[in-house]
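Below: the structure, in structure tokens.
So that the names make sense, note that chain A is the first sequence line, chain B the second, and so on, each numbered from 1.
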There are 2 protein chains.
Amino acid sequence: MTTATERDEARIAARQAREDYNLFSRLPAIYAASRMQGQQFLQHGGGLSIVEWRTLWDLHEVGPMTIRDLATIQRADHSLLSRALPDMRRKGYVTMRRDEGDGRQTIVEIAPAGRAAYDRAAPVMARRRAALREVFSEEEIAVFVGFLDRFEDFLRRPVEQVLKEETAK
Amino acid sequence: MTTATERDEARIAARQAREDYNLFSRLPAIYAASRMQGQQFLQHGGGLSIVEWRTLWDLHEVGPMTIRDLATIQRADHSLLSRALPDMRRKGYVTMRRDEGDGRQTIVEIAPAGRAAYDRAAPVMARRRAALREVFSEEEIAVFVGFLDRFEDFLRRPVEQVLKEETAK
DNA sequence: AGATATTACGTGACAAGTCATATAATATCT
DNA sequence: AGATATTATATGACTTGTCACGTAATATCT
């Protein structure tokens, strides 16, 4: 706690250096930078949005899927896909049909225009991934992903559980 | 590339497992989970939003700052703070005054109601950070932060530079 | 067979980020 | 002293996430 009444550049710099080690503080900027960079790469590869790219890539690699399947692979809420897909259908990128066996489900499939858009963006995005592998070794990525797994497990613990453990101590 | 015409659960599972090792794919969900969990913690600690909490914490630790200072510490665009602060002033959390020496700058200072809101949220958020230290050792956090630093450096490289390096090869 | 529970998707509402642009104030240059 | 360049903030517009809720279809139970 400070009783400082005037702006103090040294304190500002110290605060920033300290927050560099706060994982919670680091994520917003890194995530935003990743998204912005991804969007810029896609601008060079045909102009797809991040969600469009991700979805076409998934459909291209896996084949037809439900909205729930896409949400599961992308670790996102189904509403994100539910909202994006009608526009993608309008652009001719995908087809959407109700599943004959289960009327609740929608089967999404890549369409020729989507395949073309995928073909245009894929080399650019592959270059991005290759460039990252010049910065991190395969072993380092494995360790990094291990940290992310553990961090995500922590983030998904119920808040009440985390707060209750303190009371038990 | 697949020519699959039917939904295939094994392919879906394989795709998801593979994307687990794609750092770009991992970030959106982890960032969103961090934010949602942070909001839930704050609900237990007085109801501040994430941006409000971060800002009050910074002002409490450092003292008066400009909007640019806050944006620098939080590694965020100045517009995020510029937008949040008038509401925080309206709630009595902060005061805002033009700098006498430089009329372009706004000096933001924590106010009594902000200090009270900070005091209520701080123990809850401290518990969150303490709980994370039970999951990661200090050494592991240092390595993790090193990876994040390198990743962020990569993410901030101009796209043209990354794409040009391929051409040079 | 009918009632109840569960699941899949669509939509409302919102938070939190960014980039771009405009305005005002200051710094620098000639 | 005046012109030009730079900087700080405010605002427009947008993207991408989530949670909550409603509707429709299916699964399960009695």
- prompt: CD1 of B:I141 to OH of A:Y21: how many Å apart, nearest 0.5 Å?
  reply: 10.5 Å
field: Proximity to DNA chain C (any heavy atom under 4.0 Å), residues of residues 62-70 of chain B only
entry: none
query: DNA chain D in dot-bracket, Watson-Crick or G-U pairs under 3.5 Å, [ ] crossing, | other strand?
result: ||||||||||||||||||||||||||||||
message: Below 30° counts as parallel, above 60° as perpendicular, anything between as tilted: where do the rings of B:F151 and A:F144 land?
response: perpendicular
message: Test your reading of the model: is there a side-chain donor-acceptor pair from B:R98 to the backbone of B:G103, 3.5 Å cut-off?
response: yes
query: How far does NE2 of A:H44 sit from CG of B:L163, to the nearest 0.5 angstrom?
result: 6.0 Å
- prompt: When the distance from CD of A:Q74 to P of C:dC9 is rounded to whole Å, what number comes out?
  reply: 13 Å
message: Tell me the interatomic distance from B:Q105, atom CD, to D:dT7, atom P, rounded to whole angstroms.
response: 12 Å
field: From A:L23, A:D149, A:L155, residue fulfilling side chain to side chain contact (heavy atoms under 4.5 Å, CB included) relative to B:I30
entry: A:L155
query: Between B:D102 (CG) and D:dT6 (P), how many Å, whole number?
result: 17 Å
message: Nearest 0.5 angstrom please: B:R26 CZ to A:S34 OG, how far?
response: 13.0 Å
- prompt: Tell me: CG of B:L81 to P of D:dA8, nearest whole Å?
  reply: 14 Å
field: Donor-acceptor under 3.5 Å (B:R11 side chain, A:E61 main chain)
entry: yes
- request: Find the distance B:L48:CG to C:dA16:C1' and express it as a whole number of Å.
  value: 16 Å
query: Any side-chain donor-acceptor pair under 3.5 Å between B:T66 and B:D69?
result: yes
- prompt: Hey, can you pull the residues of residues 89-100 of chain B with a non-hydrogen atom under 4.0 angstrom from DNA chain C?
  reply: none
- line: Expected string for nucleotides 13-22 of chain D under the B/S/- scheme (protein heavy atoms, under 4.0 Å, primed atoms plus P, OP1, OP2 as sugar-phosphate) is B-BSSBB---
query: For the atom pair NE2 (B:H78) and OG1 (B:T72), what is the distance rounded to the nearest 0.5 Å?
result: 10.5 Å
Those residues of residues 144-160 of chain B lying under 4.0 Å from DNA chain C by at least one heavy atom: none
- prompt: Can you find a side chain N or O atom of A:S82 that sits less than 4.0 Å from OP1 or OP2 on C:dG10?
  reply: yes
- prompt: Is a salt bridge present between B:D87 and B:R90, judged by a nitrogen-to-oxygen distance below 4.0 Å?
  reply: yes
- prompt: Roughly how far, to the nearest 0.5 Å, is the CG atom of B:D58 from the OH atom of B:Y118?
  reply: 10.0 Å
task: Classify the angle between the aromatic ring planes of A:F136 and B:F147 as parallel (below 30°), tilted (30 to 60°) or perpendicular (above 60°).
output: perpendicular
- request: Give, for atom CZ of B:R157 and atom CD of A:Q40, the distance between the pair rounded to the nearest 0.5 Å.
  value: 13.5 Å
task: Answer with yes or no whether B:R104 presents, from its side chain, a donor or acceptor under 3.5 Å of a partner atom in the base of D:dT7.
output: yes
task: Go through the structure and list residues passing side-chain contact (heavy atoms from CB on, under 4.5 Å) with A:A130, not counting sequence neighbours.
output: A:R127, A:R133
Of A:E52, A:Q37, A:M125, A:R120, the residue whose pairing with A:L42 passes side chain to side chain contact (heavy atoms under 4.5 Å, CB included): A:M125
query: With the threshold set at 4.0 Å, does a side-chain nitrogen-carboxylate oxygen contact exist between A:E19 and B:R75?
result: no
